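Starting from 1, each residue takes its place in the sequence as its number. We count ligands from 1, going down the list as the structure has it; atoms in each ligand are counted the same way. In this text the structure is predicted, and so the values were computed from the model without any measurement.
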Amino acid sequence: MYSRTDTGKVSLTDAEWKKILPKDVYDIAREKGTEWAFTGKYWNTKDKGTYYCAACGNPLFVSDTKFESGCGWPSFYQPVSKTSVIYTPDNSHGMQRTEVQCGRCKAHLGHVFDDGPPPTGLRYCINSVILDFEKAQDAEKKFNEKEK
Ligand SMILES: [Zn+2]
């Protein structure tokens, strides 16, 4: 099921997800939880690389589009591609927001706001818990090892 190359949609029940995912990932991905600001592992990460969905492996964001928003969560101005994420209106907690979900497995990622920097003017405010980061040089190293 977890794959960084397979783009086939993943559709599991919450009960099935519960068996697969660590509790903290499940709480965000399926229960739409939010980690505390400034506590996640990636809010201040500046390394070059790719952020994948922690539930299914779908590539979501690259470090080139990450910026310092000061909000305490990893913030990006653009997803990897138009189909990386999907959008759903979210009117919970008395706010009108747009929820961002993984385009492959529909895991809850965070929200998107329209106060981001150019070129998109968008701020994707994403929970670290639901991201898996791979540094660019790690990926290169793996590739080189495979070549040998
Ligand atoms: Zn996913």
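Ordered by chain and number, Cys53 SG, Cys56 SG, Cys102 SG, Cys105 SG make up the set of protein N, O or S atoms under 2.8 Å of the Zn ion (ligand 1).
When the options Tyr51, Tyr2, Tyr52 are evaluated for a side chain to side chain donor-acceptor pair (under 3.5 Å) with Asp132, the one that passes is Tyr2. Under the side-chain contact (heavy atoms from CB on, under 4.5 Å) test applied with Leu109, the options Cys102, Pro79, Pro74, Cys125 reduce to a single match, Cys102.
Side-chain contact between Thr98 and Phe113 is absent, with no heavy atoms from C-beta onward closer than 4.5 Å.
With sequence neighbours excluded, the residues forming a side-chain contact (heavy atoms from CB on, under 4.5 Å) with Gln78 are Thr65, Thr120, listed by chain and number.
Ring pair His111/His108 is perpendicular by interplanar angle, where above 60° counts as perpendicular and below 30° as parallel.
In Lys18, the NZ atom is not crowded: 12 or fewer heavy atoms of neighbouring residues, nucleotides or ligands sit closer than 6.0 Å.
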